[in-house]
Amino acid sequence: ISSAEEEDFKEGKLGKDFTRATTLSIAEAFHVLKKEKEKANFQTNPIFEKTFDYVSRFNHFTTKEIVSQIRGRLEKSGLEDFESSALWNLCPTTVAEAKALIPSLENKFENEEELNDLLGELQHARSYAQLQ
């Protein structure tokens, strides 16, 4: 199999290096790093601090409860792990935007209403999180 056949982002094929990889959303990464930072024996370094600053800045889902709820909903959606994380991180507001940003979504849903409902749930959770 050629590398062109192994990797095709539009089809959701990210290559052999990513076949067993688990992706995290920015919100999940924030909570993982925050927990690490709170450990008594934690020693920081510049890369950790830059990463933590980044995820702190772009995390729109602040509570662990919301993060857990979103992860559960996305797991039920039938999407690949990277597609779920991309949807979560990018927060597209329309089906057209979601498909433009994540081409592998093109044939993932029986109808566009299912994807639209999922996007609506993400937007609702994001709005709710911002009120917290």
Side-chain angles (χ1 to χ4, degrees):
I1 299 177
S2 72
S3 70
E5 292 175 25
E6 289 178 15
E7 297 179 24
D8 185 353
F9 180 72
K10 289 181 180 179
E11 295 295 320
K13 299 175 187 173
L14 302 181
K16 65 181 180 178
D17 292 336
F18 293 96
T19 54
R20 294 183 306 197
T22 300
T23 59
L24 294 177
S25 69
I26 290 171
E28 291 169 313
F30 169 80
H31 288 288
V32 168
L33 295 177
K34 182 179 176 189
K35 185 176 179 179
E36 190 66 27
K37 197 172 187 174
E38 292 170 350
K39 288 183 178 178
N41 61 348
F42 175 75
Q43 293 182 5
T44 192
N45 63 60
I47 294 172
F48 181 94
E49 288 302 323
K50 285 181 182 181
T51 305
F52 189 74
D53 288 347
Y54 178 87
V55 296
S56 296
R57 181 177 180 196
F58 293 104
N59 176 23
H60 300 292
F61 302 92
T62 51
T63 69
K64 289 182 183 180
E65 294 78 19
I66 291 172
V67 169
S68 179
Q69 178 186 17
I70 293 170
R71 175 52 70 187
R73 174 59 181 99
L74 289 170
E75 286 176 351
K76 292 177 186 174
S77 70
L79 296 174
E80 297 294 328
D81 201 34
F82 82 93
E83 293 166 328
S84 293
S85 292
L87 266 182
W88 194 344
N89 290 334
L90 298 169
C91 287
T93 57
T94 66
V95 170
E97 182 182 14
K99 288 180 178 182
L101 293 169
I102 310 162
S104 61
L105 294 178
E106 190 63 44
N107 299 313
K108 288 286 180 166
F109 296 90
E110 288 187 30
N111 60 61
E112 288 190 352
E113 192 62 33
E114 290 178 47
L115 178 54
N116 193 49
D117 289 347
L118 181 59
L119 297 176
E121 290 177 44
L122 288 172
Q123 290 300 318
H124 177 71
R126 182 178 179 177
S127 297
Y128 178 78
Q130 290 174 343
L131 297 174
Q132 300 299 308

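When side chains are defined from C-beta on, T93 does not count as touching L119, because their heavy atoms never get closer than 4.5 Å. At least one side-chain heavy atom of E28 sits less than 4.5 Å from a side-chain heavy atom of W88. At least one side-chain heavy atom of F109 sits under 4.5 Å from a side-chain heavy atom of L118. Annotation: side chain of E80 is not in contact with side chain of S104 (no heavy-atom distance under 4.5 Å).
Taking the centre of each ring, F30 and F58 stay at or above the 6.0 Å mark.
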Evaluate the side chain to side chain donor-acceptor pair (under 3.5 Å) criterion for residues S127 and Q123: first the C-alpha distance (whole Å), next the side-chain angles of each, then the deciding distance (0.1 Å), finally the verdict. CA-CA 6 Å; S127 297; Q123 290 300 318; 5.5 Å; no
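Put simply, L90 and Y54 are part of two different groups of oily side chains (I, L, V, M, F, W, Y) that touch within less than 4.5 Å, one to the next. Both L101 and L105 are members of a single hydrophobic cluster when ILVMFWY side chains are connected at heavy-atom separations under 4.5 Å. Hydrophobic clustering of Ile, Leu, Val, Met, Phe, Trp and Tyr side chains at less than 4.5 Å, counting indirect connections, keeps L87 apart from L24. Placement of L33 and I47 in two distinct hydrophobic clusters is found when ILVMFWY residues are connected by side-chain heavy-atom separations under 4.5 Å, directly or transitively. A continuous path of hydrophobic side-chain contacts links I102 to I70 [ILVMFWY only; heavy atoms under 4.5 Å].
Side-chain atoms of T23 come within 3.5 Å of backbone atoms of D81 as a donor-acceptor pair (strictly under, hydrogens ignored). Between the side chain of H31 and the main chain of T62, a donor-acceptor pair closer than 3.5 Å is present. At least one donor-acceptor pair closer than 3.5 Å links the side chain of S56 to the backbone N or O of F52. At least one donor-acceptor pair under 3.5 Å links the side chain of N89 to the backbone N or O of I26.
For the pair S85 and S25, the tightest heavy-atom approach, listed with the atom from each and the gap, is OG-N, 3.9 Å. Across all their heavy atoms, C91 and R126 have their closest contact at CB-NH1, 3.5 Å. The two residues L79 and S84 make their nearest non-hydrogen contact at CB-OG, 3.6 Å. What you find for V67 and F61 is that their closest heavy atoms are CG2-O, 3.6 Å.
With respect to E49 and K37, a salt bridge is recorded, a charged nitrogen being found less than 4.0 Å from a carboxylate O. R73 has no carboxylate O lying under 4.0 Å from a charged side-chain N of D117, or vice versa, which leaves the two without a salt bridge. Here E114 does not pair with K108 in a salt bridge; the nearest charged N to carboxylate O distance is not below 4.0 Å.
Interatomic distance, I66 CD1 to H124 NE2, rounded to the nearest 0.5 Å: 9.0 Å.
Atom CD of E112 has 12 or fewer heavy atoms from other residues, nucleotides or ligands within 6.0 Å.
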